[in-house]
Amino acid sequence: MKYAGNEENEMKNEINILAVGDLVLDRPGPMEQYFEPSKKMLKDADLLIGHIETPHTDRPVPSSTDYQAPPSKPENLDVLADCGFNVVTLAGNHIYDVGTNGVIDTYDRAKELGMIPTGAGRNLAEAKEPAFYETGGIRVGTVSYNAVGPVFSYATTQKAGCNYIRVITHYEMQQATPGGTFPPKTYTFTDPDDVQLMKEEITELKKQCDIAVVALHKGDYNDDGHMEMYERPLAQAAVDAGADIVVCHHAHKTRGIEIYKGKPIYHGLGNYVCVTYALTPGYSDSPENDAFAELEEGFEMPEVHHYPWEDDSRFAMIARITADKQGIVQAGFIPCYIEKATTAPEPKSRGNGGDEILKHITEMVSAEKLKTEFEWSEDGTWVICK
(Lines give C-alpha, C1' and ligand atoms only; values in the text may rest on other atoms or scores of the structure.)
Protein backbone atom coordinates (compact mmCIF):
# COMPACT_ATOMS: atom_id res chain seq x y z
CA MET A 1 0.00 0.00 0.00
CA LYS A 2 1.44 3.35 -1.04
CA TYR A 3 0.50 6.10 1.37
CA ALA A 4 1.62 9.58 2.32
CA GLY A 5 0.27 12.67 3.98
CA ASN A 6 1.15 16.30 4.20
CA GLU A 7 3.28 17.54 7.07
CA GLU A 8 0.66 19.97 8.31
CA ASN A 9 -2.22 17.54 8.47
CA GLU A 10 -4.60 19.67 10.53
CA MET A 11 -8.28 18.78 10.30
CA LYS A 12 -10.18 20.67 7.62
CA ASN A 13 -13.81 20.77 6.68
CA GLU A 14 -12.90 20.81 2.97
CA ILE A 15 -9.84 20.21 0.79
CA ASN A 16 -8.91 21.56 -2.63
CA ILE A 17 -7.84 18.93 -5.19
CA LEU A 18 -6.18 19.91 -8.47
CA ALA A 19 -5.39 17.56 -11.38
CA VAL A 20 -3.61 18.21 -14.66
CA GLY A 21 -3.41 16.19 -17.87
CA ASP A 22 -0.47 14.90 -19.87
CA LEU A 23 3.04 15.76 -18.71
CA VAL A 24 5.74 15.20 -21.35
CA LEU A 25 9.02 16.54 -19.99
CA ASP A 26 11.41 15.76 -22.83
CA ARG A 27 13.47 18.77 -23.77
CA PRO A 28 17.00 19.88 -22.94
CA GLY A 29 17.21 22.75 -20.52
CA PRO A 30 15.42 23.62 -17.31
CA MET A 31 11.86 22.36 -16.90
CA GLU A 32 11.02 25.05 -14.34
CA GLN A 33 10.27 27.64 -17.01
CA TYR A 34 7.21 25.70 -18.23
CA PHE A 35 5.61 25.62 -14.78
CA GLU A 36 6.43 29.17 -13.74
CA PRO A 37 3.06 30.77 -14.67
CA SER A 38 1.08 28.19 -12.67
CA LYS A 39 3.52 27.11 -9.96
CA LYS A 40 2.01 29.13 -7.11
CA MET A 41 -1.49 27.92 -7.95
CA LEU A 42 -0.33 24.31 -8.09
CA LYS A 43 1.54 24.51 -4.79
CA ASP A 44 -1.54 25.94 -3.05
CA ALA A 45 -3.51 22.71 -3.66
CA ASP A 46 -4.12 20.34 -0.78
CA LEU A 47 -3.64 17.47 -3.25
CA LEU A 48 -2.07 17.77 -6.71
CA ILE A 49 -2.32 14.95 -9.27
CA GLY A 50 -0.63 14.72 -12.69
CA HIS A 51 -0.11 12.13 -15.42
CA ILE A 52 3.46 11.27 -16.46
CA GLU A 53 3.19 10.34 -20.13
CA THR A 54 6.68 9.15 -21.05
CA PRO A 55 9.31 6.97 -19.35
CA HIS A 56 12.16 8.69 -17.53
CA THR A 57 15.36 6.67 -17.69
CA ASP A 58 19.03 6.71 -18.68
CA ARG A 59 18.81 2.97 -19.51
CA PRO A 60 16.47 2.75 -22.51
CA VAL A 61 15.84 -0.51 -24.34
CA PRO A 62 13.52 0.31 -27.26
CA SER A 63 10.45 -1.89 -26.95
CA SER A 64 7.76 -0.31 -29.11
CA THR A 65 6.62 -1.45 -32.53
CA ASP A 66 4.17 1.44 -32.60
CA TYR A 67 5.34 5.05 -32.46
CA GLN A 68 8.04 5.17 -29.79
CA ALA A 69 8.25 8.17 -27.50
CA PRO A 70 11.86 8.93 -26.62
CA PRO A 71 12.81 8.54 -22.95
CA SER A 72 13.08 11.63 -20.80
CA LYS A 73 15.81 12.31 -18.27
CA PRO A 74 15.05 11.09 -14.73
CA GLU A 75 16.02 14.50 -13.33
CA ASN A 76 13.28 16.12 -15.41
CA LEU A 77 10.82 14.77 -12.86
CA ASP A 78 12.35 16.92 -10.13
CA VAL A 79 10.27 19.92 -11.18
CA LEU A 80 7.06 18.05 -10.39
CA ALA A 81 8.08 17.57 -6.76
CA ASP A 82 9.13 21.20 -6.60
CA CYS A 83 5.68 22.28 -7.84
CA GLY A 84 3.97 20.19 -5.17
CA PHE A 85 2.72 17.14 -7.06
CA ASN A 86 1.66 14.50 -4.53
CA VAL A 87 0.31 11.70 -6.75
CA VAL A 88 1.42 10.81 -10.30
CA THR A 89 -0.43 8.37 -12.55
CA LEU A 90 1.61 6.21 -14.92
CA ALA A 91 -0.87 3.98 -16.79
CA GLY A 92 -0.48 5.18 -20.36
CA ASN A 93 0.38 4.00 -23.84
CA HIS A 94 4.02 5.17 -23.76
CA ILE A 95 5.19 4.07 -20.31
CA TYR A 96 6.69 0.82 -21.67
CA ASP A 97 8.18 2.30 -24.86
CA VAL A 98 11.75 1.76 -23.68
CA GLY A 99 11.08 -1.41 -21.76
CA THR A 100 11.27 -2.54 -18.15
CA ASN A 101 13.99 -0.05 -17.25
CA GLY A 102 11.80 2.85 -18.27
CA VAL A 103 8.92 1.71 -16.07
CA ILE A 104 11.05 0.94 -13.03
CA ASP A 105 13.21 4.08 -13.24
CA THR A 106 10.17 6.34 -13.62
CA TYR A 107 8.39 4.68 -10.73
CA ASP A 108 11.43 4.75 -8.46
CA ARG A 109 12.39 8.33 -9.28
CA ALA A 110 8.88 9.53 -8.46
CA LYS A 111 9.02 7.76 -5.09
CA GLU A 112 12.49 9.13 -4.32
CA LEU A 113 11.12 12.63 -4.88
CA GLY A 114 8.30 12.07 -2.39
CA MET A 115 5.53 11.57 -4.95
CA ILE A 116 3.24 8.52 -4.95
CA PRO A 117 3.10 6.69 -8.30
CA THR A 118 0.23 4.45 -9.34
CA GLY A 119 -0.77 2.67 -12.55
CA ALA A 120 2.55 1.07 -13.54
CA GLY A 121 5.22 -0.96 -11.84
CA ARG A 122 7.48 -4.00 -11.80
CA ASN A 123 4.48 -6.30 -12.12
CA LEU A 124 0.71 -6.14 -12.27
CA ALA A 125 0.27 -6.14 -8.51
CA GLU A 126 2.47 -3.05 -8.16
CA ALA A 127 0.76 -1.37 -11.13
CA LYS A 128 -2.64 -1.88 -9.52
CA GLU A 129 -1.61 -0.65 -6.08
CA PRO A 130 -3.60 2.50 -5.19
CA ALA A 131 -1.92 5.72 -4.10
CA PHE A 132 -3.33 7.00 -0.81
CA TYR A 133 -2.77 10.55 0.34
CA GLU A 134 -4.23 12.12 3.46
CA THR A 135 -4.61 15.85 3.89
CA GLY A 136 -6.72 17.83 6.32
CA GLY A 137 -7.94 14.59 7.86
CA ILE A 138 -9.45 13.52 4.51
CA ARG A 139 -8.06 10.41 2.84
CA VAL A 140 -7.91 10.30 -0.97
CA GLY A 141 -7.18 7.14 -2.95
CA THR A 142 -6.16 7.15 -6.62
CA VAL A 143 -5.92 4.36 -9.19
CA SER A 144 -4.81 4.58 -12.83
CA TYR A 145 -5.82 2.55 -15.93
CA ASN A 146 -4.61 2.57 -19.54
CA ALA A 147 -7.56 2.06 -21.92
CA VAL A 148 -5.57 2.74 -25.10
CA GLY A 149 -2.96 -0.02 -25.47
CA PRO A 150 -0.64 -1.25 -26.88
CA VAL A 151 -0.84 -4.79 -25.51
CA PHE A 152 2.91 -5.12 -24.98
CA SER A 153 2.75 -2.25 -22.47
CA TYR A 154 0.46 -4.21 -20.13
CA ALA A 155 1.91 -5.48 -16.88
CA THR A 156 1.60 -9.16 -15.98
CA THR A 157 2.30 -11.08 -12.78
CA GLN A 158 5.94 -11.38 -13.89
CA LYS A 159 6.45 -8.44 -16.26
CA ALA A 160 6.73 -4.70 -15.75
CA GLY A 161 4.17 -2.48 -17.41
CA CYS A 162 0.93 -0.66 -16.75
CA ASN A 163 -2.51 -1.38 -15.36
CA TYR A 164 -4.99 -1.68 -18.23
CA ILE A 165 -8.47 -2.01 -19.66
CA ARG A 166 -8.59 -3.84 -22.99
CA VAL A 167 -10.62 -2.16 -25.74
CA ILE A 168 -11.88 -4.06 -28.79
CA THR A 169 -12.25 -2.29 -32.15
CA HIS A 170 -14.71 -3.59 -34.76
CA TYR A 171 -15.22 -2.23 -38.28
CA GLU A 172 -18.64 -2.81 -39.86
CA MET A 173 -19.14 -2.35 -43.60
CA GLN A 174 -21.97 0.03 -44.46
CA GLN A 175 -22.72 -1.63 -47.80
CA ALA A 176 -22.64 -5.21 -49.05
CA THR A 177 -19.74 -4.68 -51.45
CA PRO A 178 -16.22 -5.80 -50.59
CA GLY A 179 -13.96 -2.77 -50.60
CA GLY A 180 -17.05 -0.60 -51.08
CA THR A 181 -17.30 3.16 -51.55
CA PHE A 182 -18.42 4.02 -48.03
CA PRO A 183 -15.94 3.73 -45.16
CA PRO A 184 -16.80 1.18 -42.46
CA LYS A 185 -18.33 2.31 -39.20
CA THR A 186 -16.03 1.90 -36.20
CA TYR A 187 -17.30 0.32 -32.99
CA THR A 188 -15.24 0.24 -29.79
CA PHE A 189 -16.04 -1.88 -26.73
CA THR A 190 -14.30 -2.50 -23.45
CA ASP A 191 -13.53 -6.06 -22.40
CA PRO A 192 -16.34 -7.02 -19.95
CA ASP A 193 -14.00 -8.99 -17.69
CA ASP A 194 -11.59 -6.06 -17.42
CA VAL A 195 -14.39 -3.63 -16.61
CA GLN A 196 -15.81 -5.96 -13.97
CA LEU A 197 -12.37 -6.26 -12.36
CA MET A 198 -11.95 -2.47 -12.49
CA LYS A 199 -15.31 -1.99 -10.77
CA GLU A 200 -14.40 -4.46 -8.04
CA GLU A 201 -11.07 -2.67 -7.49
CA ILE A 202 -12.75 0.74 -7.29
CA THR A 203 -15.38 -0.56 -4.85
CA GLU A 204 -12.57 -1.87 -2.65
CA LEU A 205 -10.66 1.41 -3.02
CA LYS A 206 -13.67 3.41 -1.84
CA LYS A 207 -13.84 1.31 1.33
CA GLN A 208 -10.32 2.49 2.20
CA CYS A 209 -10.68 6.24 1.61
CA ASP A 210 -13.05 9.17 1.77
CA ILE A 211 -12.54 10.31 -1.83
CA ALA A 212 -11.79 7.87 -4.68
CA VAL A 213 -10.08 9.20 -7.81
CA VAL A 214 -9.86 7.17 -11.02
CA ALA A 215 -7.50 8.21 -13.83
CA LEU A 216 -8.26 6.83 -17.30
CA HIS A 217 -5.90 7.08 -20.27
CA LYS A 218 -8.51 6.88 -23.03
CA GLY A 219 -9.79 8.17 -26.34
CA ASP A 220 -8.13 9.40 -29.50
CA TYR A 221 -6.53 12.61 -30.72
CA ASN A 222 -8.95 13.20 -33.60
CA ASP A 223 -9.62 16.63 -35.04
CA ASP A 224 -13.37 16.91 -34.43
CA GLY A 225 -13.14 16.37 -30.68
CA HIS A 226 -15.63 13.50 -30.47
CA MET A 227 -15.22 10.70 -27.96
CA GLU A 228 -14.99 7.08 -29.02
CA MET A 229 -17.96 4.81 -28.33
CA TYR A 230 -16.41 3.10 -25.29
CA GLU A 231 -15.33 6.21 -23.39
CA ARG A 232 -18.47 7.41 -21.60
CA PRO A 233 -19.64 3.92 -20.53
CA LEU A 234 -16.18 3.18 -19.11
CA ALA A 235 -15.98 6.44 -17.16
CA GLN A 236 -19.55 6.05 -15.90
CA ALA A 237 -18.80 2.48 -14.82
CA ALA A 238 -16.03 3.87 -12.62
CA VAL A 239 -18.52 6.20 -10.92
CA ASP A 240 -21.08 3.40 -10.57
CA ALA A 241 -18.43 1.41 -8.71
CA GLY A 242 -17.66 4.20 -6.25
CA ALA A 243 -15.38 6.76 -7.92
CA ASP A 244 -15.94 10.32 -6.73
CA ILE A 245 -13.74 11.90 -9.42
CA VAL A 246 -12.72 10.61 -12.86
CA VAL A 247 -9.89 12.39 -14.70
CA CYS A 248 -8.93 11.40 -18.23
CA HIS A 249 -6.09 12.11 -20.65
CA HIS A 250 -4.32 10.85 -23.80
CA ALA A 251 -6.08 12.86 -26.53
CA HIS A 252 -3.63 15.77 -26.09
CA LYS A 253 -6.70 17.97 -26.46
CA THR A 254 -9.40 18.98 -24.01
CA ARG A 255 -12.73 17.16 -24.08
CA GLY A 256 -16.02 17.81 -22.35
CA ILE A 257 -16.84 17.59 -18.64
CA GLU A 258 -19.75 15.47 -17.47
CA ILE A 259 -21.51 15.49 -14.10
CA TYR A 260 -22.75 11.93 -13.65
CA LYS A 261 -24.67 11.03 -10.49
CA GLY A 262 -23.24 14.17 -8.93
CA LYS A 263 -19.62 13.16 -9.67
CA PRO A 264 -17.36 15.00 -12.14
CA ILE A 265 -15.92 13.17 -15.14
CA TYR A 266 -13.23 15.14 -16.96
CA HIS A 267 -13.23 13.32 -20.28
CA GLY A 268 -10.00 14.97 -21.41
CA LEU A 269 -7.83 17.36 -19.42
CA GLY A 270 -5.66 17.87 -22.51
CA ASN A 271 -2.00 18.78 -22.53
CA TYR A 272 -0.40 20.48 -19.58
CA VAL A 273 3.37 20.79 -19.83
CA CYS A 274 4.15 18.84 -23.01
CA VAL A 275 7.53 19.59 -24.54
CA THR A 276 9.29 17.02 -26.69
CA TYR A 277 11.60 16.75 -29.66
CA ALA A 278 9.98 13.41 -30.58
CA LEU A 279 8.81 14.57 -34.01
CA THR A 280 11.55 17.09 -34.69
CA PRO A 281 13.57 16.06 -37.78
CA GLY A 282 16.97 14.69 -36.85
CA TYR A 283 16.13 14.06 -33.19
CA SER A 284 14.59 10.60 -33.17
CA ASP A 285 14.36 9.64 -36.82
CA SER A 286 13.36 6.09 -37.72
CA PRO A 287 11.28 4.63 -40.54
CA GLU A 288 8.54 3.79 -38.01
CA ASN A 289 8.43 7.31 -36.58
CA ASP A 290 8.53 8.88 -40.05
CA ALA A 291 5.60 6.72 -41.15
CA PHE A 292 3.66 7.62 -38.00
CA ALA A 293 4.20 11.36 -38.47
CA GLU A 294 3.05 11.11 -42.07
CA LEU A 295 -0.15 9.22 -41.27
CA GLU A 296 -1.17 10.90 -38.01
CA GLU A 297 -3.25 14.00 -38.66
CA GLY A 298 -3.27 15.01 -35.00
CA PHE A 299 0.38 15.98 -35.12
CA GLU A 300 2.11 18.61 -37.18
CA MET A 301 5.44 20.37 -37.33
CA PRO A 302 4.58 23.75 -35.82
CA GLU A 303 6.51 26.97 -35.36
CA VAL A 304 7.96 25.62 -32.10
CA HIS A 305 9.61 22.27 -32.86
CA HIS A 306 9.29 20.91 -29.34
CA TYR A 307 5.49 21.27 -29.33
CA PRO A 308 4.22 18.95 -32.15
CA TRP A 309 0.49 19.42 -31.63
CA GLU A 310 -2.12 21.51 -33.39
CA ASP A 311 -3.22 24.93 -32.18
CA ASP A 312 -6.48 23.71 -30.63
CA SER A 313 -4.41 21.56 -28.25
CA ARG A 314 -3.31 24.79 -26.58
CA PHE A 315 -6.69 25.05 -24.83
CA ALA A 316 -5.95 23.43 -21.48
CA MET A 317 -7.46 23.11 -18.03
CA ILE A 318 -6.69 22.20 -14.46
CA ALA A 319 -9.43 20.15 -12.80
CA ARG A 320 -10.43 21.84 -9.54
CA ILE A 321 -12.51 19.93 -7.00
CA THR A 322 -13.54 20.84 -3.48
CA ALA A 323 -14.29 17.81 -1.30
CA ASP A 324 -15.01 16.85 2.27
CA LYS A 325 -15.24 13.51 4.07
CA GLN A 326 -18.73 12.97 2.68
CA GLY A 327 -17.77 13.50 -0.98
CA ILE A 328 -17.70 16.19 -3.65
CA VAL A 329 -18.73 19.69 -2.62
CA GLN A 330 -18.01 21.53 -5.86
CA ALA A 331 -16.25 20.71 -9.14
CA GLY A 332 -14.96 22.81 -11.99
CA PHE A 333 -11.78 23.81 -13.77
CA ILE A 334 -9.17 26.51 -14.10
CA PRO A 335 -8.88 27.59 -17.76
CA CYS A 336 -5.32 27.60 -19.13
CA TYR A 337 -3.72 28.41 -22.44
CA ILE A 338 -0.41 26.99 -23.65
CA GLU A 339 1.33 30.06 -24.98
CA LYS A 340 3.20 29.83 -28.29
CA ALA A 341 6.08 31.99 -27.13
CA THR A 342 6.82 29.94 -24.01
CA THR A 343 5.00 26.59 -24.44
CA ALA A 344 3.97 27.08 -20.80
CA PRO A 345 0.34 26.69 -19.66
CA GLU A 346 -0.88 29.98 -18.24
CA PRO A 347 -4.00 30.17 -16.04
CA LYS A 348 -6.61 32.50 -17.54
CA SER A 349 -9.34 34.32 -15.64
CA ARG A 350 -12.67 35.76 -16.71
CA GLY A 351 -12.06 38.67 -19.07
CA ASN A 352 -8.39 37.77 -19.42
CA GLY A 353 -8.48 34.91 -21.93
CA GLY A 354 -10.55 32.54 -19.84
CA ASP A 355 -13.79 33.17 -21.72
CA GLU A 356 -12.32 31.81 -24.95
CA ILE A 357 -11.27 28.59 -23.22
CA LEU A 358 -14.67 28.26 -21.54
CA LYS A 359 -16.31 28.67 -24.97
CA HIS A 360 -14.14 25.86 -26.32
CA ILE A 361 -15.03 23.52 -23.45
CA THR A 362 -18.72 24.40 -23.81
CA GLU A 363 -18.53 23.41 -27.49
CA MET A 364 -17.00 20.06 -26.51
CA VAL A 365 -19.83 19.50 -24.01
CA SER A 366 -22.47 20.41 -26.59
CA ALA A 367 -20.97 18.16 -29.26
CA GLU A 368 -21.26 15.15 -26.95
CA LYS A 369 -24.63 16.17 -25.46
CA LEU A 370 -23.21 16.07 -21.93
CA LYS A 371 -25.65 18.75 -20.67
CA THR A 372 -23.15 20.28 -18.25
CA GLU A 373 -23.61 23.98 -17.50
CA PHE A 374 -20.93 26.38 -16.32
CA GLU A 375 -20.62 29.61 -14.37
CA TRP A 376 -17.63 31.65 -13.31
CA SER A 377 -16.62 31.66 -9.67
CA GLU A 378 -17.24 34.86 -7.80
CA ASP A 379 -13.62 35.98 -8.17
CA GLY A 380 -13.48 34.95 -11.84
CA THR A 381 -10.44 32.67 -11.43
CA TRP A 382 -12.13 29.33 -12.15
CA VAL A 383 -15.24 27.85 -13.73
CA ILE A 384 -17.83 25.91 -11.73
CA CYS A 385 -19.67 22.93 -13.25
CA LYS A 386 -23.40 22.58 -12.64
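Residue numbers start at 1 and run along the sequence shown.
- Counting heavy atoms of neighbouring residues, nucleotides and ligands inside a 6.0 Å radius, atom CD of E378 does not exceed 12 of them.
- Counting only heavy atoms from C-beta outward, the side chains of L18 and L47 never approach each other to under 4.5 Å.
- In terms of hydrophobic clustering, with Ile, Leu, Val, Met, Phe, Trp and Tyr side chains grouped at heavy-atom distances under 4.5 Å, M227 and M229 are assigned to different clusters.
- Nearest heavy-atom pair across S144 and L90 is OG-N, 3.8 Å.
- Using a 4.5 Å heavy-atom threshold, the side chains of W376 and L358 count as touching.
- A continuous path of Ile, Leu, Val, Met, Phe, Trp and Tyr side chains, each step under 4.5 Å between heavy atoms, connects V365 with V247, placing both in one hydrophobic cluster.
- Considering K199, K261, K263, K206 as possible partners of D240, the one that fulfils the salt bridge (Lys or Arg N to Asp or Glu O under 4.0 Å) test is K261.
- Between F333 and F374, the ring planes lie perpendicular to each other; the angle is over 60°, past the 30° to 60° tilted range.
- Inspection of the Y307 and N271 side chains reveals an N or O donor paired with an N or O acceptor under 3.5 Å.
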Exercise for the section: Give the C-alpha distance, both sets of side-chain angles, the deciding distance and a yes or no for side-chain contact (heavy atoms from CB on, under 4.5 Å) between Q330 and I321. Expected result: CA-CA 6 Å; Q330 202 168 51; I321 304 102; over 6 Å; no
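- Annotation: side chain of V275 is not in contact with side chain of D26 (no heavy-atom distance under 4.5 Å).
- Here Y164 and Y145 keep their ring centres 6.0 angstrom or further from each other.
- Here the rule is side-chain contact (heavy atoms from CB on, under 4.5 Å) with K128, and of N123, T118, L197 only L197 fits it.
- Side-chain atoms of Q175 come within 3.5 Å of backbone N or O of F182 as a donor-acceptor pair.
- Counting heavy atoms from C-beta outward, T254 and I361 have side chains that approach closer than 4.5 Å.
- For an aromatic pair to be called close, the ring centres must be under 6.0 Å apart, and Y230 with F189 fails this.
- Distance check: D355 CG to S349 OG gives 8.5 Å after rounding to the nearest 0.5 Å.
- We find the CG-CD1 distance between D324 and I15 to be 9.0 Å, quoted to the nearest 0.5 Å.
- Here K325 contributes atom NZ and N13 contributes atom CG; the two are 11.5 Å apart, rounded to the nearest 0.5 Å.
- In the hydrophobic cluster analysis, where Ile, Leu, Val, Met, Phe, Trp and Tyr join through side-chain heavy atoms closer than 4.5 angstrom, V167 is grouped together with V214.
- Remark: side-chain polar atoms of T322 are not paired, donor with acceptor, to backbone N or O of N16 under 3.5 angstrom.
- C209 is not listed as a side-chain neighbour of V140, based on a closest heavy-atom distance of 4.5 Å or more.
- Within the model, atoms CG of N101 and CZ of R59 stand 3.5 Å from one another, a figure rounded to the nearest 0.5 Å.
- Under the side-chain hydrogen bond (donor to acceptor under 3.5 Å, both in side chains) rule, H267 has a single partner from R232, H249, K218, which is K218.
- T203 places a side-chain N or O within 3.5 Å of a backbone atom of A241 that can act as its donor or acceptor partner.
- Annotation for E339: atom CD counts as buried by contact number, over 12 foreign heavy atoms lying within 6.0 Å.
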Practice task
Start with the C-alpha gap between L77 and I52, add the side-chain angles, then the distance that decides, and say whether side-chain contact (heavy atoms from CB on, under 4.5 Å) holds.
Solution key: CA-CA 9 Å; L77 290 176; I52 297 175; 3.6 Å; yes
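- Proximity of D58 to P74: side-chain heavy atoms (C-beta onward) are separated by under 4.5 Å at one or more points.
- Side-chain contact between I384 and R320: absent, with no pair of heavy atoms (C-beta onward) separated by less than 4.5 Å.
- Using modelled atom types, one finds a donor on one side chain and an acceptor on the other under 3.5 Å when comparing N93 with H217.
- Closest approach of A215 and T89 over heavy atoms only: CB-CG2, 3.7 Å.
- Between the T188 side chain and the T169 main chain, no donor and acceptor come within less than 3.5 Å of each other.
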Practice task
List the steps, then state whether salt bridge (Lys or Arg N to Asp or Glu O under 4.0 Å) holds for K207 with E204.
Solution key: CA-CA 5 Å; K207 294 176 182 177; E204 182 60 30; 3.8 Å; yes
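- Pairing each heavy atom of V98 with each of A69, the nearest pair is CG1-O, 4.4 Å.
- The cationic group of R255 does not satisfy the cation-pi geometry with Y266, failing either the under 6.0 Å distance to the six-membered ring centre or the 45° limit from the ring axis.
- Using modelled atom types and a 3.5 Å distance limit, the side chains of R27 and Y34 yield a donor-acceptor pair.
- Between Y272 and H51, the ring centre distance reaches or exceeds 6.0 Å.
- Atom OH in Y154 sits 13.0 Å away from atom OG1 in T156 (nearest 0.5 Å).
- Between K39 and E32 no salt bridge is recorded (no basic side-chain N to carboxylate O distance below 4.0 Å).
- When only modelled atom types and interatomic distance are considered, H170 and K185 share no side-chain donor-acceptor pair under 3.5 Å.
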Exercise for the section: Test salt bridge (Lys or Arg N to Asp or Glu O under 4.0 Å) on R314 and D311 and set out the steps. Expected result: CA-CA 6 Å; R314 296 180 180 276; D311 279 348; 3.6 Å; yes
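- Looking only at side-chain heavy atoms (C-beta outward), V273 and V24 stay at 4.5 Å or farther from each other.
- Put simply, L124 and L216 are part of two different groups of oily side chains (I, L, V, M, F, W, Y) that touch within less than 4.5 Å, one to the next.
- For the residue pair S72 and T54, a side-chain donor N or O sits within less than 3.5 Å of a side-chain acceptor on the partner.
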Exercise for the section: Apply side-chain contact (heavy atoms from CB on, under 4.5 Å) to I104 and R122, showing your working. Expected result: CA-CA 6 Å; I104 292 175; R122 290 166 171 78; 3.3 Å; yes
Exercise for the section: Walk me through it: do I17 and D46 pass the test side-chain contact (heavy atoms from CB on, under 4.5 Å)? Expected result: CA-CA 6 Å; I17 301 170; D46 294 303; over 6 Å; no
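- Scanning all heavy atoms of the two residues, the minimum distance from D210 to G137 falls at OD2-O, 4.1 Å.
- A side-chain donor from one of Q236 and E258 sits under 3.5 Å from a side-chain acceptor of the other.
- One N or O on the side chain of N76 and one on the backbone of L25 form a donor-acceptor pair closer than 3.5 Å.
- Across all non-hydrogen atoms, the minimal contact from L205 to T142 is CD1-N, 4.4 Å.
- If you check the side chains of H306 and T276, you find no donor sitting under 3.5 Å from an acceptor.
- Heavy-atom minimum distance, A155 versus G161: CB-C, 3.5 Å.
- Atom CG of L269 sits about 8.5 Å away from atom CG of D22, to the nearest 0.5 Å.
- A cation-pi contact, defined as under 6.0 Å to the ring centre and within 45° of the axis, links K159 to Y96.
- Using a distance-only test at 3.5 Å, with no hydrogens or angles considered, a donor-acceptor pair links the side chain of R139 to the main chain of Q208.
- H56 and R109 share no donor-acceptor pair across their side chains, judged by distance under 3.5 Å alone.
- Checked for salt-bridge contact, D82 and K43 miss the test: no charged N lies under 4.0 Å from a carboxylate O.
- A continuous path of ILVMFWY side-chain contacts below 4.5 Å connects F85 to L113, so both sit in one hydrophobic cluster.
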